[in-house]
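Positions are given from 1, in the same order as the sequence printed here. Just follow the structure's listing: the first ligand is 1, and inside any ligand the first atom is 1. The basis for the numbers below is simple: all heavy atoms, side chains too, and nothing from hydrogens, waters or symmetry mates.
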Amino acid sequence: MGILNVTPDSFSDGGRYLGYDDAISHALKMTADGADIIDVGGESTRPGAQRVDAATEIDRVVPVVEALSSRGVTVSVDTMRAAVARAAIDAGARIVNDVSGGLADPDMASVLASSSATWILMHWRGHSADMQKLAHYDDVVADVKAELEDRVEAATEAGVDADRLVIDPGIGFAKTAEHNWTLQAHLAEFVALGYPVLFGSSRKSYLGRLLAESDEKARPPAGRDVATAATSLLAFEAGAWGVRVHDIQSTFDVRAVWNRTRAESADD
Ligand code: PMM
């Protein structure tokens, strides 16, 4: 899944694809490089980000969703808002990537129930402005799994078929770097829940901190793609359904190596 943030303030690519032409050409480049899905977002969710209103979000994402869908690209819309999800589905989006797992907007479940779109339920505890205060767990793997199972139950009770759900542990959302590494190491336990798992580590700060030159200076986002590819390989090995990334080529290459090696071990 290739990331297309049509925002001025996302942590890694904010402002680069706010213009329609730049957004479309970047998305088409990602599909040419091997992305199966383009995830279009009109609201930054980086730690501390302020919200935009629904009309602004719709204005940013709908023309891009429409243009890509009409070219045969599978589009997901990265939104927590039911109105934006509805508008994007009407414009051709086949997947709603809801980082709040249905918690931010009580109308989201009915939008999904009345459509045939896939719903990605990410683990989330609160909006970006103060989510890092919510990073407290007894056992991060058990707690995130239980909270995701609650979201799955709420979705199915609202009438969304279980086979249209994808879960995501929400790397970096109300999580410390330590939590992210623990979730990364235990991703297979999420796969064992029986739903497709999406993993989103791309260029996130726990990687920047791992690769820091010093305690004060994390490696900047643009220098985190090799580490991201390594996390993607680990995610594939754990059985993930997909990875949400900025750099498609390194992900594609890792996937090719992984597939080829798997084919060989299956022959043994
Ligand atoms: N991370 C971001 C935004 N959307 N969606 C899912 N499902 N999983 C994620 O981990 C996720 C997401 C934040 O990253 P960005 O600012 O690079 O888009």
> Just verifying a value: how many Å separate Leu234 CG and Ser201 OG, rounded to the nearest 0.5 Å?
9.0 Å

> Give the atoms of ligand 1, by number and element, whose distance to some non-hydrogen atom of Gly200 is under 4.0 Å.
10 (O)

> Within ligand 1, which atoms have a heavy atom of Asp78 less than 4.0 Å away?
3 (C), 4 (N), 12 (C)

> Please could you name the atoms of ligand 1 that Val99 approaches to less than 4.0 Å, counting only its heavy atoms?
4 (N), 5 (N), 12 (C)

> May I ask you to list the atoms of ligand 1 that are less than 4.0 angstrom from any heavy atom of Phe173?
1 (N), 2 (C), 11 (C), 13 (C)

> Between the side chains of Arg260 and Glu264, is the shortest nitrogen-to-carboxylate-oxygen separation below 4.0 Å, so that they form an ion pair?
yes

> Judging by distance only, is a nitrogen or oxygen of Asn97 under 3.5 angstrom from one on ligand 1?
yes

> Which is it for Lys204 and ligand 1 at heavy atoms under 4.0 Å: side chain, backbone, both or neither?
side chain

> Considering residues at least two apart in sequence or located in another chain, which fulfil the salt bridge (charged side-chain N to carboxylate O under 4.0 Å, His left out) criterion with Arg125?
Glu147

> Extract all donor-acceptor atom pairs below 3.5 Å that involve side chains of residues 103-110 and protein atoms in other chains or at least two apart in sequence.
residue: Asp105; atom: OD1; partner: Asp107; partner atom: N; Å: 2.9
residue: Asp105; atom: OD2; partner: Ala82; partner atom: N; Å: 2.9
residue: Ser110; atom: OG; partner: Asp107; partner atom: O; Å: 3.0

> Centre of Phe236's six-membered ring, under 6.0 Å away, within 45 degrees of the axis: is that where NZ or CZ of Arg255 sits?
yes

> Assert yes or no for the condition that the ring centre distance of His123 to Phe173 is strictly below 6.0 Å.
no

> Is the contact between Phe199 and ligand 1 made by the side chain, the backbone, both, or neither, using heavy atoms and a 4.0 Å cut-off?
neither

> Below 4.0 angstrom from a heavy atom of His246, which ligand 1 atoms are there? Numbered from 1 as shown, please.
17 (O)

> So if I count the atoms of ligand 1 from 1 in the order they appear, which ones are less than 4.0 Å from some heavy atom of Asn5?
15 (P), 16 (O), 17 (O), 18 (O)

> Is a side-chain donor-acceptor pair under 3.5 Å present for Thr56 with Asp53?
yes

> Give the atom numbers and elements of ligand 1 that come within less than 4.0 Å of a heavy atom of Leu198.
7 (N)

